[in-house]
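Okay, structure first, notes after.
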Amino acid sequence: MEKSKKIQILKDIIDIESVNGNEKAVADYLADLFKEYKISTKQVAYDTDRDNLVAEIGNGTSKVLAFSGHMDVVAPGNLADWTTDPFKADERDGKIYGRGSCDMKSGLAAMVIAMIELVEEKTELNGKIKLLATVGEEVGELGAAQLTKEGYADDVTSMIIGEPSGYRIIYTHQGSINFSVASKGKSSHSSMPKLGINAIDYLIEFYTKANHEFRKTVYTNDVLGDFIYNVTMISGGEQINSIPEKATLEGNIRTIPEYDNQKTIEKLNEIIEDLNKEKECNLTLTIEANKLVVKSERDSDIAHIAQKIAETKTGQKVPLLGMPGTTDAAEFIKAKNTFPIIVFGPGNETPHQVNEYVDVDNYLDMIEVYKEISKKYLYM
Ligand SMILES: [Zn+2]
């Protein structure tokens with residue numbers, strides 16, 4: 001494929017505004033592009049105007065290398081802070097600017113183009129490459145959860161997620177839990193507190209106990225760092241001279257293998273059950289999001305192949321690392337079989353920022369890198 005066309009494809013999909021929605025327009029665009037090269041695709045609807053996209057090339061089922069990328073982007077933030085329109089890709093100084101240029105329409109486009117070029121060049125593949133392009137990654141990995149539930153990842157033997165890592169390969173990332181605790185009391189006049197139950201008092205008991213529990217020892221992982229627990233929002237009470245009937249708090253937890261999601265949720269439940277038993281309080285826990293820790297092997301074939309090829313192709317050192325954030329991998333690891341996952345895609349430190357960009361060279365390099373990884377992985 002011509003270089004100018006590769007750049008145009010990326011620009012075209014940046015121009016499609018897909019802020020947590022409208023991913024179907026991106027899926028339609030990519031499906032049409034695949035069709036030009038006689039590659040069939042399947043669109044898996046999540047909701048109105050929200051389609052995931054699945055495409056396959058190659059033969060056999062002995063090895064299935066999945067390429068995955070999300071088609072949604074985050075909101076552009078303050079438009080006045082952008083030098084150019086975030087939904088009109090702008091190429092200047094060797095960079096392409098626009099919302100999603102880095103996170104992660106460049107990774108997605110690079111994967112799609114790599115597949116097309118492998119077909120164009122009639123490369124014999126001893127196995128399959130499967131694209132799993134998802135909706136709603138930024139708001140809870142919705143598409144990845146759906147595709148996994150519907151079995152689309154069950155035959156995968158290795159996966160690359162093209163999130164922006166630059167010339168670094170991520171093989172493990174933290175899990176994440178969003179939770180809330182509601183305290184239900186009984187209101188009464190503040191001059192007659194004995195007639196009521198102070199919901200704030202008991203919420204604070206939970207707050208203190210949980211802080212103590214989750215911070216009394218430092219749970220840490222060599223690669224991912226510390227287990228992190230924080231209450232981030234709190235509210236309660238209705239009126240200054242009433243004993244509060246309701247109070248709630250919300251928090252975010254970043255988990256690691258040494259203190260994983262299951263253990264964390266069990267501990268939260270235990271604290272709440274104990275308090276509800278001991279006192280007259282009525283606390284309830286709700287888990288709003290539960291994204292698992294991803295702990296692929298550092299020594300997987302896919303990690304080694306990717307590292308070696310990337311270093312040879314780019315002449316840069318490409319380290320294998322862990323990262324704090326979460327990705328669609330947290331859903332794909334729920335597939336029937338376990339398989340190693342790496343996060344490796346073009347990009348830099350600008351995701352979710354104004355004036356987000358990707359280096360054109362990095363984007364074009366990654367197309368070659370994905371092709372080489374595919375050839376090597378599917379020939380081993
Ligand atoms: Zn992303």
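Just so you know, these numbers use all the heavy atoms, side chains as well, and skip hydrogens, waters and symmetry mates. Ligands are counted one by one from 1 in listed order, and the atoms in each one are counted from 1 as well. All residue numbers refer to positions in the sequence shown, counting from 1.
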**Message:** Closer than 2.8 Å to the Zn ion (ligand 1): how many protein N, O or S atoms are there?
**Reply:** 4
**Asked** Would a 4.5 Å heavy-atom cut-off, applied to side chains only, mark Pro76 and Trp82 as touching?
**Response** yes
**Request:** Calculate, to the nearest 0.5 Å, the distance between atoms CD1 and CD belonging to Ile309 and Glu368 respectively.
**Result:** 11.5 Å
**Request:** Decide if atom CG of Asn78 counts as having more than 12 heavy atoms of other residues, nucleotides or ligands within a radius under 6.0 Å.
**Result:** yes
**Request:** Please check if any side-chain donor atom of Tyr152 sits under 3.5 Å from a side-chain acceptor atom of Asn52, or the reverse.
**Result:** no
Pairs under 3.5 angstrom only: tabulate donor-acceptor contacts from the side chains of residues 90-98 to other protein residues two or more places apart or in another chain.
unit_1	atom_1	unit_2	atom_2	d
Asp90	OD2	Arg92	NH1	2.6
Glu91	OE1	Lys11	NZ	3.0

**Prompt:** Can a donor-acceptor pair be found between the side chains of Tyr167 and Thr314 at a distance below 3.5 Å?
**Reply:** no
